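Here is how names work: the chains are called A, B, and so on, in the same order as the sequence lines, proteins then strands, and each is numbered from 1. These values consider heavy atoms only, across backbone and side chains, with no hydrogens, waters or symmetry-generated copies. All values derive from a computational prediction rather than experimental measurement.
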Number of protein chains: 2
Amino acid sequence: MARRRQAVTIRHVAADAGVSLQTVSRVINKEPSVRPEMLARVKASIERLGYVPSIAAQRMAGSRSYLIVALNDRERTIAGWRDRQGTDWVDQMLLGGLLTCAEHGYRMIVELVDTHSDHIERELRAAIAAIRPDGVILTPPHSENTLITCLLEEHRIAFARIGSRIAGPGFAVAMDEAGAARLATEHLIALGHRCIGFIAGPDDYELSGWRTEGWLAAMADAGLPTDDLLAVGDFGFASGRAAAAALLDGAVPPTAIIACSDQMTLATLELARERGFDVPGDLSILSFDDTPIVRFVAPPLTAIVQPIAELTACAVKRVIGDPAPEAAEPIIVPATLTIRASTAAPRSLA
Amino acid sequence: MARRRQAVTIRHVAADAGVSLQTVSRVINKEPSVRPEMLARVKASIERLGYVPSIAAQRMAGSRSYLIVALNDRERTIAGWRDRQGTDWVDQMLLGGLLTCAEHGYRMIVELVDTHSDHIERELRAAIAAIRPDGVILTPPHSENTLITCLLEEHRIAFARIGSRIAGPGFAVAMDEAGAARLATEHLIALGHRCIGFIAGPDDYELSGWRTEGWLAAMADAGLPTDDLLAVGDFGFASGRAAAAALLDGAVPPTAIIACSDQMTLATLELARERGFDVPGDLSILSFDDTPIVRFVAPPLTAIVQPIAELTACAVKRVIGDPAPEAAEPIIVPATLTIRASTAAPRSLA
DNA sequence: CTGAAAGCGCTAACAC
DNA sequence: GTGTTAGCGCTTTCAG
């Protein structure tokens with residue numbers, strides 16, 4: 001292999017501009033203590049020579065590495081890619097993470113590590129030692145893995161925990177679950193619905209509670225009753241079917257149903273079909289997951305979309321901005337709603 | 001920020017093992033000239049101390065950077081992510097690229113650059129200067145951009161061109177288009193079809209010709225005629241509809257149709273439906289793109305799936321293995337077929 | 001405000 | 001075979 005050396009180094013720039021290396025370094029690092037005149041001269045040389053500092057050299061000299069590691073669960077990530085079910089979690093992460101990194105002159109490296117493995121610590125230590133990243137973005141289920149967070153803290157590496165609300169080391173960045181439920185509910189209310197059923201997720205997920213609260217609050221704000229309008233599932237299809245049946249057979253049959261997962265929503269759709277309901281004519285349906293299947297089913301489902309890209313963008317900004325992983329308020333990012341064909345005004349209003 | 005220094009360096013290992021730095025370095029780099037005894041001693045120290053070399057330092061000292069850059073088109077990639085249509089191109093690339101890199105102790109960095117922009121050269125130069133990658137993986141449409149390939153060659157950086165067959169600098173790695181068409185055709189033949197229509201892509205795409213050849217060859221091998229069984233589209237929906245109509249209204253109405261894009265296949269499906277054909281009972285349909293919509297439509301479509309992950313894996317292996325970007329034979333990777341519900345034996349056989 | 005010196009962790013090139 | 005020397009490109013001291 002050719003002995004690859006940097007084509008144009010800080011030395012060339014210094015010579016070209018007739019200043020010391022140090023001055024060039026100061027310009028690169030945007031230090032304030034440089035006379036405007038020098039600054040201009042150096043900048044001109046950098047531009048002319050097309051100089052770009054080597055991140056390896058910068059790291060070596062004790063500065064930043066300009067590298068951010070995104071730590072994903074190996075098994076889940078690979079399984080998702082192999083299934084090709086279009087779970088675009090990683091894509092959205094890249095969208096938010098990569099672009100934000102690029103904006104700030106950073107690069108992002110995706111690392112896959114086993115959660116359950118005993119050598120997770122070894123893997124992480126190795127990655128840190130090899131890459132020496134300035135920051136790490138943790139994704140579920142790593143976000144609340146204390147083994148990881150402790151290690152990162154010990155190494156004094158800034159990190160963000162996506163999808164976590166637990167205060168603690170690192171920045172917690174999560175979606176506004178309650179707000180999302182409220183958004184969904186208000187969309188339906190605006191359409192004219194008054195009986196809006198809600199199929200919540202299982203109680204052992206903290207977010208289930210937050211979502212239910214959002215629905216309750218939105219209903220209350222609109223002066224609408226919620227009695228007999230709440231059912232609970234486990235995110236799976238079967239439980240969704242049962243919950244939908246309970247709602248539809250209940251004392252106050254809803255004209256719209258919000259379900260907290262794509263599977264439960266699909267189950268609701270299936271049941272509605274079997275009963276001869278027109279969707280959205282007789283029943284509006286809204287999903288809390290915006291997976292591809294939800295987009296290609298007939299009718300395409302209105303759905304809450306999780307702002308993974310924004311979460312990651314926030315995470316990167318925090319991690320870059322403040323290298324000291326001080327405990328901070330969790331950052332809550334609002335969800336958005338993608339309106340498709342499964343929600344409409346109830347027939348009674350049409 | 002804390003002055004972050006490597007926790008355990010080559011020096012610690014050397015001291016611990018009672019050898020010189022160089023010996024440790026030799027062990028790290030798997031150089032043969034180390035006595036087994038020393039080797040064992042050093043390895044033990046490395047293991048005990050949990051030492052992992054810093055890639056920054058390795059690069060600085062003139063060795064490899066253990067970094068591979070995957071160069072993707074900015075606009076397309078971002079558009080794909082934003083659309084959330086589940087084009088899992090990047091995912092599959094990551095699947096193949098990331099894992100292969102990891103196996104060999106490399107990391108992959110995804111870089112987005114504008115194809116059309118004038119500053120593509122500036123962007124690429126900057127990335128190279130900053131990262132100093134050992135290799136670059138080019139994806140369409142960069143794969144045949146001579147500006148890029150020349151720059152890479154000039155910097156003597158190994159690179160692979162995915163989806164390209166043009167010989168030249170770098171390694172060309174592409175799917176076996178003809179083989180894919182043959183695979184599709186043979187699947188249908190095995191099912192009992194004798195009249196198999198083919199909707200080709202536009203002539204200005206080289207791969208259109210290859211695919212058509214594959215179909216022709218498979219038909220010929222089976223002793224089946226192909227007259228009046230070939231139609232041409234432009235990959236779009238409307239052209240697919242017209243092509244399908246021509247086939248169905250032709251002299252020898254096919255019992256199965258292969259279309260060279262998901263849109264043309266969907267158009268064929270729509271037309272078949274309108275004519276009261278049962279799919280696959282009256283007409284089997286096979287797509288050449290395995291996009292999500294193809295998987296969620298009813299019936300789910302049998303489709304050729306492009307081996308992006310494997311292509312990328314091959315590309316990485318080549319680039320890592322042979323740093324000298326000598327011209328080499330293009331590497332052709334076979335496609336696979338995912339059988340779903342849109343293909344079956346023709347009714348006449350049922 | 002600017003420059004000179006030292007060194008980050010590692011490997012290339014030589015010596016031994 | 002193994003150890004020694006000299007940097008890689010940059011930023012940190014610390015002087016001027």
Would you kindly give the [atom1]-to-[atom2] distance between [X] and [N], to the nearest whole Å?
{"X": "A/Arg59", "N": "C/dG9", "atom1": "CZ", "atom2": "P", "value": "8 Å"}
{"X": "A/Ile131", "N": "C/dG9", "atom1": "CD1", "atom2": "P", "value": "17 Å"}
{"X": "A/Arg11", "N": "C/dA4", "atom1": "CZ", "atom2": "P", "value": "12 Å"}
{"X": "B/Asn29", "N": "C/dG9", "atom1": "CG", "atom2": "P", "value": "17 Å"}
{"X": "A/Ile10", "N": "D/dT11", "atom1": "CD1", "atom2": "C1'", "value": "8 Å"}
{"X": "A/Gln58", "N": "C/dC8", "atom1": "CD", "atom2": "C1'", "value": "13 Å"}
{"X": "A/Glu31", "N": "C/dG3", "atom1": "CD", "atom2": "C1'", "value": "13 Å"}
{"X": "B/Ile28", "N": "C/dA12", "atom1": "CD1", "atom2": "P", "value": "11 Å"}

With sequence neighbours left out, write down each residue that passes side chain to side chain donor-acceptor pair (under 3.5 Å) with [X], or none if nothing qualifies.
{"X": "A/Thr23", "result": "A/Ser20"}
{"X": "B/Trp89", "result": "none"}
{"X": "B/Tyr51", "result": "none"}
{"X": "A/Asp73", "result": "A/Thr115"}

Check your understanding: Which nucleotide sits closest to the side chain of A/Ala57: C/dC8, C/dT11, D/dC10?
Key ->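 Nearest to the side chain of A/Ala57 among the choices is D/dC10.
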
**Study point:** With A/Asp114, the salt bridge (charged side-chain N to carboxylate O under 4.0 Å, His left out) member among A/Arg76, A/Arg74, A/Arg122
**Key:** A/Arg74

Exercise for review: Using salt bridge (Lys or Arg N to Asp or Glu O under 4.0 Å) as the criterion, list what pairs up with B/Asp88, not counting sequence neighbours.
Suggested key: A/Arg84, B/Arg295

Exercise for review: Could you name each residue pair satisfying salt bridge (charged side-chain N to carboxylate O under 4.0 Å, His left out) that touches residues 42-53 of chain A, not counting sequence neighbours?
Suggested key: A/Asp16-A/Arg48

Check your understanding: Can you list the residues that meet the side-chain contact (heavy atoms from CB on, under 4.5 Å) rule with A/Thr9, with sequence neighbours excluded?
Key ->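 A/Thr9 satisfies side-chain contact (heavy atoms from CB on, under 4.5 Å) with A/Gln6, A/Arg11, A/His12 once adjacent residues are dropped.
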
Point to revise | Under-4.0 Å side-chain N/O to phosphate OP1/OP2 contact, B/Ser63 with C/dC10 | key: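 No, because none of the side-chain N or O atoms of B/Ser63 sits under 4.0 Å from OP1 or OP2 of C/dC10.
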
Please tabulate, for side-chain N and O atoms in residues 24-39 of chain B, each donor-acceptor pair with protein atoms closer than 3.5 Å (sequence neighbours left out).
| residue | atom | partner | partner atom | Å |
| --- | --- | --- | --- | --- |
| B/Ser25 | OG | B/Asn29 | ND2 | 3.4 |
| B/Asn29 | ND2 | B/Ser25 | O | 2.8 |

Point to revise | Crowding at CD, A/Glu154 (>12 non-hydrogen neighbours, <6.0 Å) | key: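 Enclosed: over 12 neighbouring heavy atoms sit under 6.0 Å from CD of A/Glu154.
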
Can you give the donor-acceptor pairs under 3.5 Å from side chains of residues 99-109 of chain B to other protein atoms, not counting sequence neighbours?
| residue | atom | partner | partner atom | Å |
| --- | --- | --- | --- | --- |
| B/Thr100 | OG1 | B/Gly96 | O | 2.5 |
| B/Tyr106 | OH | B/Arg64 | NH1 | 2.6 |
| B/Arg107 | NH1 | A/Glu111 | OE1 | 3.0 |
| B/Arg107 | NH1 | A/Glu111 | OE2 | 2.3 |

Protein-nucleic acid N or O pairs under 3.5 Å, nucleotides 2-6 of chain D:
| residue | atom | partner | partner atom | Å |
| --- | --- | --- | --- | --- |
| D/dT2 | OP1 | B/Arg35 | NE | 2.5 |
| D/dT2 | OP1 | B/Arg35 | NH2 | 2.6 |
| D/dT2 | OP2 | B/Arg35 | N | 2.6 |
| D/dT2 | O4 | B/Arg26 | NH2 | 3.4 |
| D/dG3 | OP2 | B/Ser20 | N | 3.1 |
| D/dG3 | OP2 | B/Ser20 | OG | 3.0 |
| D/dG3 | OP2 | B/Thr23 | OG1 | 2.5 |
| D/dG3 | N7 | B/Arg26 | NH1 | 3.4 |
| D/dG3 | O6 | B/Arg26 | NH2 | 2.7 |

Practice item. Identify all stems in which DNA chain C takes part, counting only runs of at least 3 consecutive pairs (Watson-Crick or G-U wobble, each distance under 3.5 Å), and give each as one range with another, ordered by first number. Key: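 Stems for DNA chain C, defined as runs of 3 or more consecutive pairs: C:1-11 with D:6-16, C:13-16 with D:1-4.
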
Practice item. Determine the Euclidean distance between corresponding C1' atoms of C/dA15 and C/dT11; express it in Å to zero decimal places. Key: 16 Å

Point to revise | Interface with DNA chain C, restricted to residues 44-54 of chain B and to heavy atoms under 4.0 Å | key: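 B/Tyr51, B/Pro53, B/Ser54 - these, ordered by number, are the residues of the stretch whose heavy atoms sit under 4.0 Å from the strand.
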
